[in-house]
Structures are given as C-alpha cells and as structure tokens.
Amino acid sequence: MKNKLLIYSIVLAGMAAMSSCNSQEEGLAGPETLQVQVKAGTPHARAMVKGSYLPDNAKIGVALVAQDGTKYDDINYANVPYIATGNGIDVTQTWACTQATAPSLSTSFGKVAAYYPYNESVTDVTALQVETDTQTDYMYATWYDGLYSANSVARLTMQHALSVIRVKLACTDSSTPVQVSSITAIGTVLGSNGIINAGTGVYSSVIGLADGVTRNVDFTVSTTATETDLLVVPNETATAGGDLTIKVVAGGRTFTYTVTLTESLKQGQVYSYALVMDIASQAVTGDENTGGEGGENTAGGTDEGAGSGCGIQPEKPAERWPDRGGLQGRFCGCCQPLRAGGPE
C-alpha cells in the first residue's frame, strides 16, 4: 500500500512539472522584464549617427503602453531609459534599463515606441520636441506591438527625424584667402524646431520657417571643397515643395542662392549642393546677372554685401533627376546642386 502511494505521488509530481513547463511554453508564465534590441536606419550623414547601430553608451527613451495607448497594467512607463553596451559591429550590442525597476510584461498585450537621445524631461513620446540649435541627430522608433510575458523583446529600428542640407564649398582660385563664417539654409520647406510623434514618425508642428538654420563655421575656402552639414526640420506639410535658400557669409559678404524644390524634404535624406566661388570676378555670376557686384542676380541669387570676397558661379549646368524628387532647374550663380538637390 505504501509503495502504491509513493508511486502515485511521483506520478502527480511529474504531471505538475509537465503542466508548469507547458504553461510557460504557452505564454502563461509570470511577468517578464521588457528587453529591447536597437538598430539605426539609413541613410547616414556626417552629422548623423553612422552605421547600423547606435554608439556604445548611447541612451534611448522607451515608452511602454497598452495596445489601446493607455497605461500598461496601470503603470506609467512613459519614458524609461535604456543604455547600450558595445558598438554592435565587433561585439554584440546589448541594451539594459538604467532605472531601478525595469518595465515588467504580464499576459496583457502592450506596445513600445522609443526615441534618441534620452531626455529625462520627456513625458510623452507622441509629442517629442526637436530643435536644430545643437545639431542633434534626433531619432525615433515607431510602435512595436504584440509584446507580453512570452514575447518580451522589442526589436526597434531608429529612424532619423531630421533632414540634412549638405553644402560643399570651394573656390576656383585660392591665392586670395577668404574666410567663411556661417552657412544658412532657409525656406518654406524647412524649419528650425518641430514636434514629432515617435510612435508614428509624423510631425504635428514645424516652426521657424522664417528663421532657417545657421551653422557658424570657421574655415578658409580653397580649391578643395569643404563640406558642411546642416540638420534641419523637414516641413512635410509642404507637399508641393517650395523655395530653399542657401546663404554663405564669406569675406564679410553674404551670397544667396534660391532654388525651388518640387516636393517636401524627407526625413533622414541628405540634399547636397556644390558651391564654387570665383575670386577673380568678386561677383555672383550665373545665367543672367544684371546687378553686378552687390546687385541682384535675376536667375535666383543675390550678393547682399559689399567689400572683398568671392563670387560664386555654377560648377556645371543644371540637371534634373526626376526619380529623386529634386529641383525644377532654376539656378543662379551662387551654387549648383549636386544630384540636382536630391537625396544621396
């Protein structure tokens, strides 16, 4: 009788163990800590995060909510910091939550969105503020859903929220040194600040259209082009495009070039423009320049200043790249878009 009871007890214990394993396999296990895997989207500009991974020690903000957008299990996970270890190239990159209590997944379904770089003041990832003063490469990852205790890894791809205006500046003759002090991009197609929804990647507001974006620089223009990247907020509501103006302050003079885009700037795209400055002419030259030194270039550009400096002339005839949604082909003597101003 005792032997039968012993055998019966062993059978019951085995059934309980099998039931426990099956429950875990079927997703009925207890809470699991939220894990993230992160990659960076392309393309990669010089002013942007490079490669397919964020750098070692990069920090992102993660928001975990229920599938309907409310608090997950009635807990506020609106801005949870995760930090990277490893560069993801030579070694495997891992991400760990840096707050005392990491988000815990139950059997309830939830979703995750993220942004970079982490800012402790963020309270809502659907209304992230981005700016261009610091030339920060803001990134985001849209909602990754279907997360729960048996599916606890959010695989995120970070997309670039800003666009890049790349100016490649050179001179035809560097015998007379000319110092460049600033480069500005301005127009209805871009802004200096904006609010973006990290969950959808859509801007709800773009401001600073009249201010543009300026980078203060300090280099002597030469026959070898110097590249300057300006991170700008794309005004995606300008679906029909609009004017883009590039201003270069060199040798105490301001040279202006305006070109018309046929569609809005795109997030994460690089728009390149090559400018060749003609020291000998000391005037803006182009298809038609009726103003001379300090006058108006009716082909689209003006030389607003006076004093010494370089004129700017086209590097080559205007081209049109329809597949890149680039330019209409209205070019002045200030600069010639590389690839017709389309994304690289």
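As a basis for the values below, the full set of heavy atoms in this structure was taken, side chains included, without hydrogen atoms, waters or symmetry mates.
Between the side chain of Asn235 and the backbone N or O of Leu190 there is no donor-acceptor pair closer than 3.5 Å. Under a 3.5 Å cut-off, the side chain of Glu227 and the backbone N or O of Lys168 do not form any donor-acceptor pair. No donor-acceptor pair under 3.5 Å is formed between the side chain of Tyr138 and the backbone N or O of Tyr115. In terms of modelled atom types and a separation under 3.5 Å, the side chain of Asp73 and the main chain of Ile75 share no donor-acceptor contact. Between the side chain of Asn79 and the backbone N or O of Asn119 there is at least one donor-acceptor pair closer than 3.5 Å. The main-chain N or O of Leu231 is found under 3.5 Å from a side-chain atom of Gln135 such that the two form a donor-acceptor pair.
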Quick one, Thr142 with Thr200, criterion side chain to side chain contact (heavy atoms under 4.5 Å, CB included). Give me CA distance, side-chain angles, the key distance, then yes/no.
CA-CA 5 Å; Thr142 56; Thr200 62; 5.5 Å; no

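Note that the CD atom of Gln159 and the NZ atom of Lys39 stand 12.5 Å from one another [nearest 0.5 Å]. Remark: Glu236 CD to Ser264 OG distance equals 6.0 Å, nearest 0.5 Å.
A 4.5 Å side-chain heavy-atom check between Ile246 and Leu230 finds every atom pair outside the cut-off. Residues Ser106 and Tyr72 are in side-chain contact: their nearest non-hydrogen atoms beyond the backbone lie under 4.5 Å apart.
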Quiz: residues 57-70 side-chain donor-acceptor pairs under 3.5 angstrom, not counting sequence neighbours:
{"unit_1": "Gln67", "atom_1": "OE1", "unit_2": "Gly146", "atom_2": "N", "d": "3.2"}
{"unit_1": "Asp68", "atom_1": "OD1", "unit_2": "Thr70", "atom_2": "N", "d": "3.1"}
{"unit_1": "Asp68", "atom_1": "OD1", "unit_2": "Thr70", "atom_2": "OG1", "d": "2.6"}

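In the displayed structure, Gln179 atom CD is contacted under 6.0 Å by more than 12 heavy atoms of other residues, nucleotides or ligands.
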